[in-house]
Every structure is written in C-alpha cells, then in structure tokens.
Amino acid sequence: MENIKQLTPAFDGYVYTDFRDMLNKSADRYGEYDAFIVKKGKSRKNPEYEHISYDRFRREVRAFGNGILAKHGSGKRIAIIGKNRYEWLLSYFTILGGLGICVPLDKGLPYEELESSLIRSGSDILIFDSDHEELIRRLIDKDTTEVHTFISMDPVEGFPSVGDYIREGEAFAASGKGAYEKLEVNPEKVDLLLFTSGTTSKAKAVMLSQRNIMANLEAIEKIIYVTPEDVSMAFLPYHHTFGAIGQFVMISRGATTTYCDGLKYLQKNLVEYKVSVFFCVPLLIESIYKKVMATVKKEGKEKKLAMGMKLANIAEKFGIKVRRKLFKEVLDKLGGNIRLVVSGASAIDPVAMEGFKSFGITALQGYGMTESSPVICVENRYEQKNGSIGRPLPGLEVRILDPDEKGVGELIARGPSIMSGYYENEEETAKALEDGWLHTGDLAYTDEDGFVFICGRKKNVIVLKNGKNVYPEELEVLINNLPYVEECMVYGEPRHDDGDDKDLAVCAKIVYSTEYMKEHEGITEHDDIDEFIRKDIDAINETLPVYKKMLRIITTDKEMIKTTTGKVKRYEELKQK
C-alpha cells in the first residue's frame, strides 16, 4: 500500500445497532405518521389509497415474523424477488429481525440466473410477487434448488401469502407462544447476501452485516436532511443497496414512502403524491430534465427561462433566493414540492444536475458500491463542485492508490461499512480486499479541497498506443448532453484502417429517441438520423484533444442491455459486436 493520499477523518459511533432497533425507534417516534401510502386496485381514474403507519409497519413485521417462526423456525436463508412495494420491504425487515439471512434478488433476473442465485445462496424460502409466478412454478417443476417454501406477496392460487402468515402470526402471538421479538439479532454476523449487478461478468455474492448497513446509514444522516414532512418515491429497486439505503433514511427520519406506477406515469405520480425527496439513478434525472427542456422549447419559452436564470443569479449575489418562485411553473409540473434528489450508481450529466439546481432543487451526486453498504462519497447541500461526487462519508477512510502524474489512481476505502468478502469466493475476495481496504476498481483524483472526482472504471479505460488514457465515462457524459440520446456506450476497438491492430480506435454506440427526432427535428429515416447525429459527434470531437476523438459511431433506436438500475452491461454489449 505505497504511494497513497489520506483524505478523511475517523468514525464516531452509531445511531442504531440493527434493523430491529431502527424499526422500534422509528415506530416509537413516529407512531401514527404515514410510513407508506399504497395505491389499491388498478383504477387510475378513481384510485383508493391505503395509509400504513409506522405502528402498523412494526406490528405486521412482528406478526409476519411469528408466522414464519411458527411454521419454519429461525436460522433460515430467505430470498425476496419482486418489484418495489410495501410487502417487499415488510419481508426484508422481518427476515433481519432474527429469522436468518436475507437474500434480495434482482426482479429482472432471467430463469437461469434466478435458479443459480438460489442454489449459490442456499436459500430455503422464497418470497415473490405475482409477476414472477411463471418463473416460480418452473423452479418447482425443475426442483434443482433447496427452496422448500414459496410465499407470495399477492394472493396466488396454490401458494400461501404474506397476509396468511401475518394472520397466523397474530394468532400465534395471541396464544402466548410468539417469540419472534426475543430472537437474537447479532449485528456483527453476516445477515445479507447481495448479488452484484454483473455489468461485466458473473455476479458475485457480497456478504454484509447489519452493522455495515447501520454505519452507512448514520454517516448519510449526518449529511442528507430528511424530515417527517417529506414524501419520498421509491424509484430504485430495493434489491440494490443504494435503493435500500435511501429507503432506510426515509424510515429513520419518519418520512412517507410512495410507489411509482411505472416510468410513463412518473410525472403524474410526482404530482399525485406531492413528492418532495427521492434517491435515484442518473438516467431518471436526465430523463426528467430533458423532458422539461423539451417542453420549454415546444412552448417557445426558452427566452423566458433564460431571463429567469439571469434574474435568479443576480438575486443570489444579494442573498435573495427566488428560484422556486421564478420557476414555479416548472416545479408544478413535477408536483410542486420536490426539494431534494440524490443520484448515485453511475456518472450523471452535469448539465442535468445544474439544471435541477437552477430550478431551486437541491441535487446531490453520490458514489458507492454494494461492497461498501453502499455509499462511499456524497455531496452535501452546502458544499458542491460540478462533476464531483463530493467528499467521503464520515467514518470512511478513502485514498488514491498509486496516483499518476495527474493525480489519478484507484480509489480505495476502509471503514465499518465495508463488506467482509464475497460468499464462497476467496479468490475474488483477495482481489477486492487488502488489509481491510476495498479496491473499488474506479479511477479517481481529488482536488485541494478534498473533493473526489471519478474518471471511470479501471477495466473500461481505453489505453492507446501512445500511452494516453481515454476514460469512456467522460465522453459518455458529453454524448448524453444531446437531447435525443437515450443512452450510450464508449469503448475501444482495434484500428483496422491503418493495418495496426495494436492500437485502438475510440468508438461510440448511441441509442436515440425516434420520438424526439420526429417531433423536434422532423426526421424519421434512420439514414437521416444517423447523419444528423454524426454532425453532433463531429462538433463534440472539435472540442477534444486528437487522441480522445470518437472515430467510429453506431446509431440505433434499440435499447441496450442494462441492469435494473439503468447501467449498461458493457460485457454483454461488447460480446454482441
């Protein structure tokens, strides 16, 4: 561990010991406050809403726990698969209340990966939603896993439901036999097996303890301010640690959680629930911002918006905050209450982030990985720098390993939220952990104020013959600035044009919106669209050093292969070339 730069202070304690402690304290503090608002039925014209209080959430966790304990005992490995919903989180808290090890699974897993994950994790019980019924019946027919019990979040014929277990657990407790609350919870023990998203290769199972999660939660709470008056929308999937930690912040602070009906209903849901805060991935913020700006352009209000920006900037020089008043029309389209968004999981377009801030919304960029429970760095509302991921969380030591002449090296981290290793994978554990330091695989540098800037994934760097490094993520941000770009991927491939395959050409695959091209540019044919995009890439290339210029472009309207958090699976995409 030579040639490193020290960045952060030491940790100073915990708010909660474990999940049971968090739930009990939140229920004691917030009692009848709404913990969740759940839309009932499928009618969108006249929906009914169920308000679930913090007290009820605790009661149902205890009842569900007693129901499982009565039928199956403790010490189990229980997997969960399904879209975000109240029953998903209820299951998560129930398992971590002393029943055993929780195995959250990606709702988008194909059958083979679902089967493999259940086998590798040694799961005994699987809790699922009705969308997965077909996969579950196939699992039962093949009988290749150790799962002996399947519990449905919805009433599904032939399966016991979460509701059935809650009712049985209530009866069990009423008889005086309920012992769920007395089960031991050891915060130091591995209680979570989380499969990584597998963007480059086979997913690994990260081992985390409740202490890991609680340490990360406390550090985040020192930086991000949420209150019981806030309403959140759970966009990020709960199986993903960033989505999960965002939800824990809401529960810890007494906020209300709501759920999105689907991305096409996003704007409607923001208005419907008067959402004020949410954690999300860059794709969501970029999408919202592009739609806002497209509407502004369509309505011919670009000059009005530009004038508002100038007035807001002048007012701020005199300490007057007028952005939310000046841009009330824009904010009202997003529900009127949005005040805070936190983005993580991948790099975000700075234009979109600055756009949100210009409307009077606090927009923060975070960084982390499953192996760190997950947040390592995050901005705060008072100290931000464009393009930075902020400073390291309190309690985490962060260093730059073997920096080059520009100060760029691998980011490594150590602290109480770092995993103990990969389940049954000593080889990969040894690669990732050294003397307690987590090797993130990300290249970064820091400035004189301690702000961290990510350059890109170490394994994605395009190393040219002349020794220059090209970071794909840097170019992807520039491409994503184009209003019609849905997603993109920059990569290197051998130069065949000069007969020297040892050097690489910088290439880009760009997915465009046909709707945008038709509505705003009046073009529909692929050849015309391709020519239009190439002119924009040429304009970007003009701003770049020669070695960074993108020489080959692929344009398409076909979506790329992605994880459920919106990250492109580079490994799968490159395999198809």
Side-chain angles (χ1 to χ4, degrees), residues 282-283 285-298 300-303 305-306 309-310 346-358 386-387 453-456 460-462 464 466 468-493 495-498 503-560 568 570 573 577:
L283 196 62
I285 289 181
E286 291 164 0
S287 175
I288 292 173
Y289 182 69
K290 285 179 180 180
K291 285 179 181 177
V292 167
M293 297 310 292
T295 301
V296 168
K297 182 178 180 181
K298 185 177 180 180
K301 295 180 179 179
E302 292 169 290
K303 289 184 178 179
L305 182 67
M309 296 292 186
K310 288 181 180 179
S346 59
I348 190 169
D349 175 6
V351 173
M353 283 292 275
E354 290 305 307
F356 262 63
K357 293 172 188 177
S358 68
N386 196 18
F453 296 78
I454 296 292
C455 299
N460 294 343
V461 175
I462 303 168
L464 302 178
N466 61 8
K468 298 286 188 181
N469 291 338
V470 178
Y471 303 108
E473 293 85 352
E474 177 187 354
L475 299 179
E476 287 165 0
V477 165
L478 297 177
I479 296 171
N480 279 322
N481 282 340
L482 301 172
Y484 50 79
V485 172
E486 298 281 349
E487 57 192 351
C488 68
M489 180 181 74
V490 173
Y491 57 96
E493 66 179 21
R495 284 178 180 264
H496 298 292
D497 55 345
D498 61 1
D503 204 4
L504 298 174
V506 180
C507 311
K509 181 177 181 180
I510 299 169
V511 179
Y512 58 83
S513 166
T514 54
E515 182 182 348
Y516 183 96
M517 287 298 192
K518 180 180 179 180
E519 185 173 346
H520 296 280
E521 304 301 339
I523 50 179
T524 57
E525 296 298 321
H526 174 71
D527 287 348
D528 295 333
I529 293 172
D530 183 76
E531 183 181 355
F532 182 90
I533 294 173
R534 287 176 186 276
K535 288 180 180 177
D536 279 344
I537 297 303
D538 287 343
I540 291 175
N541 278 339
E542 287 299 314
T543 69
L544 299 172
V546 173
Y547 72 94
K548 288 186 181 181
K549 292 183 187 296
M550 293 167 276
L551 303 180
R552 297 174 189 167
I553 308 297
I554 297 173
T555 62
T556 178
D557 61 353
K558 305 301 181 187
E559 184 178 354
M560 283 193 256
V568 173
R570 292 177 183 268
E573 280 292 327
K577 287 190 58 58

Under the salt bridge (charged side-chain N to carboxylate O under 4.0 Å, His left out) rule, collect the residues that match up with E476, sequence neighbours excluded.
R570

Flag the pair D557 / M517 as yes when at least one side-chain heavy-atom distance between them is below 4.5 Å, and no otherwise.
no

Heavy atoms of E473 and C455 approach each other most closely as OE1-O, 3.8 Å

Under the rule for ring-ring contact (aromatic ring centres under 6.0 Å, His included), what residues qualify as partners of F532, not counting sequence neighbours?
Y484

side-chain hydrogen bond (donor to acceptor under 3.5 Å, both in side chains) filter on Y512, not counting sequence neighbours, yields H526

Is the closest side-chain heavy-atom distance between M293 and L305 below 4.5 Å?
yes

Measure from the side-chain N and O atoms of K548 to the backbone N and O of L475, and report whether any donor-acceptor pair falls under 3.5 Å.
no

Heavy atoms, side chains only, cut-off 4.5 Å: are I529 and T555 in contact?
no

Determine which pairs satisfy salt bridge (charged side-chain N to carboxylate O under 4.0 Å, His left out) with at least one residue from residues 525-535, sequence neighbours left out, and list them in order.
D530-R534, E531-K535

For Y471, what residues pass the ring-ring contact (aromatic ring centres under 6.0 Å, His included) criterion, not counting sequence neighbours?
none

Nearest heavy-atom approach of F453 to N386 is CE2-O, 3.7 Å

Under the salt bridge (charged side-chain N to carboxylate O under 4.0 Å, His left out) test, which residues partner E521, sequence neighbours left out?
none

If you round to the nearest 0.5 Å, how far is CG of N481 from CG of D536?
11.0 Å

Would you say I537 and I510 make side-chain contact, with heavy atoms under 4.5 Å?
yes

Those residues that, when tested against K549, pass side chain to side chain contact (heavy atoms under 4.5 Å, CB included) (two or more places apart)
N541, V546, L551

Member of I479, V477, I554 meeting the side-chain contact (heavy atoms from CB on, under 4.5 Å) criterion with C488:
I479

Does E559 have any salt bridge (charged side-chain N to carboxylate O under 4.0 Å, His left out) partners at least two apart in sequence or in another chain, and if so, which?
K562

Residues that Y516 engages under ring-ring contact (aromatic ring centres under 6.0 Å, His included), provided they are two or more places apart:
H520

Look only at the side chain of E286 and the backbone of N480, and say whether a donor-acceptor pair between them is shorter than 3.5 Å.
no

For K301, enumerate each residue passing the side-chain hydrogen bond (donor to acceptor under 3.5 Å, both in side chains) test, keeping only those at least two apart in sequence or located in another chain.
E299, E329

Distance check, rounded to the nearest 0.5 Å: I523 atom CD1 versus K518 atom NZ?
12.5 Å

Any idea which heavy atoms bring L544 and I540 closest together, and the distance?
CG-O, 3.4 Å

Residues in salt bridge (charged side-chain N to carboxylate O under 4.0 Å, His left out) contact with E302, at least two apart in sequence or another chain
none

Minimum heavy-atom separation for P472 and N460, please, with both atom names.
CG-O, 3.2 Å

